[in-house]
Student: 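Have a look at the structure that comes next, please.
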Amino acid sequence: MAQFKSDFLNVLDQRGFIHQGSDLEGLDALAAKEIVTGYVGYDATATSIHIGNLITVTLLYWLQETGHRPISLMGGGTSMVGDPSFRDDQRQLLSVEKINTNIESIKRVYSRILRYGDGPTDAIMVNNADWLLKLNYVEFLRDVGRYFSVNRMLSFDSVKLRLDREQSLSFLEFNYMIMQGYDFVELNRRYGTVLQMGGSDQWGNIINGVELSHRMGGAQLYALTTPLLTTSSGQKMGKTANGAVWLNGDLFSPYDFWQYFRNTEDADVEKWLKIFTRLPLDEIARIAALGGSEINEAKKILATEITAIVHGREAAEQAAETARAFFESGTSSANLPTTTIDRGPNEEWQLGRTTAAIIVASGLVSSGSEARRKIEEGAVRINDRLISDPKEIVFWQDLYEDTGAFKVQLGKKKVVLVRPV
RNA sequence: GGGAGAGUGUCCCGAGUGGCAAAGGGGGCGGACUGUAAAUCCGCUGGCUAAGCCUUCGUAGGUUCGAGUCCUACCUCUCCCA
């Protein structure tokens, strides 16, 4: 692709952030001569954002880093409606209280990555509930609704899935794209925002804002989307057995987070290094070129760098060290994820608990049946001993002395310390 | 308001019209091979005090020795007509 004039687009281009953009040349020219204010909107549907969102937060990081002003928009208003894009079912309606708690919880991650403040390129955080909840229905329809064509809205890919499956698309949800379009216009009025960015699934929603501004006689706005994160084998990124890879440590521990990236497929290492880390491109090129098993070194760097960005350098180093101890030295560190097991008041629990009970307590399986199955499959080790009987009693006196806990392993990679209380 | 259809193992898709813990995929998990990779092969994928018992096919009733399957009502959705 041709070289851009602005640092901003050059960085994004070289690192593989650009999937689609409206009038990239115009945006480039603008970014080359003045400070551009750009934003990304985030749902408040959970208490944390996940890996899929991290790519756009990083986008905001680079926006700021190249001399512009990022806005992180909390969807306090739009989350009341629920984005139907590429979903085949209706979202559950969230209460106002829930949305607000979610926003409070989500905020923490951003301040680690972006620099907030009052300066010209300091990031600001806004909530679209501030204007969306005050709208007057008829007024809004007349001022904004008149510019939306239902015919055109129905033609968007984002709602096709729903329509093709003959699933209901409620009028409530149908309004989501109108609200998001209006957000863009409103942010332009309030903060001179001219750029909205997001994942490729947001293209339709973003373009709606660009066109709305145009039709309302407002400023020229720009859209930019990032590629959808998929692994080379075609799977959606960020999903594990337990759900999404959350950025908040209480939902997904730094150790597990580090492990998630340590297990990156070979083919994805360079792509992830460019997108998620801040390492210089020439260094990325060097470590990504490592062949064969040496690529594992690159994966460790990748895991540590991303974990440092999200959880802090110290937590990242600790996760790396914990993993090194477990995988390379075979020792168990007290920093491994830990759960507890009740010693219990019962007489029969005086001496210990069954292997099955301990595995369940580790959280590695969700039921006694699953624990039995895993034992039969030869997948379980307690204190480094292969377990074959789910009814066998493990005695309290067999605790590992250094950690004061049982070391429970499921498979080759998952390990949890279970501490009696 | 009238007519025609749909809702299956709480990850998804999807067979099943009286004997069903319910075919087959995908995904996920475990094992083998490796490098904590990919690909490939094999196994597992409702719960429990476990050769037994309990719960599950939109919801609630009913028929039957026995219901995902038949009947009734209701809910949700889709399409056509008004």
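Residue numbering restarts at 1 for every chain, and letters A, B, ... go by the order of the sequence lines.
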Student: Looking at A/Arg373 and A/Glu376, is there a salt bridge between them, counting it only when a charged N and a carboxylate O are closer than 4.0 Å?
Tutor: no

Student: With respect to the phosphate group of B/rG30, does any side-chain polar atom (N or O) of A/Lys414 fall under 4.0 Å of OP1 or OP2?
Tutor: yes

Student: Taking only the side-chain nitrogens and oxygens of A/Ser367, find out if one of them lies under 4.0 Å from OP1 or OP2 of B/rG47.
Tutor: yes

Student: Please tell me which of the listed nucleotides, B/rG35, B/rG30, B/rU36, lies nearest to the side chain of A/Leu410?
Tutor: B/rG30

Student: May I ask you to decide whether A/Arg189 forms a salt bridge with A/Glu186, counting only side-chain N to carboxylate O separations under 4.0 Å?
Tutor: yes

Student: So A/Gln259, base contact, sugar-phosphate only, or nothing? Heavy-atom distance under 4.0 Å.
Tutor: base

Student: Nearest whole angstrom, please: distance from the C1' of B/rU36 to the CD of A/Glu265.
Tutor: 13 Å

Student: At less than 3.5 Å, do the side-chain atoms of A/Lys412 and the base atoms of B/rU34 form a donor-acceptor pair?
Tutor: yes

Student: Are A/Arg262 and A/Glu328 ion-paired here, with the side-chain N under 4.0 Å from a carboxylate O?
Tutor: no

Student: Is it true that A/Glu270 and A/Arg15 make a salt bridge, defined as a side-chain N closer than 4.0 Å to a carboxylate O?
Tutor: no

Student: Should A/Arg373 be listed as having a side-chain N or O under 4.0 Å from OP1 or OP2 of B/rG47?
Tutor: yes

Student: Indicate, with a heavy-atom threshold strictly under 4.0 Å, whether A/Ser369 touches base, sugar-phosphate, or nothing.
Tutor: base

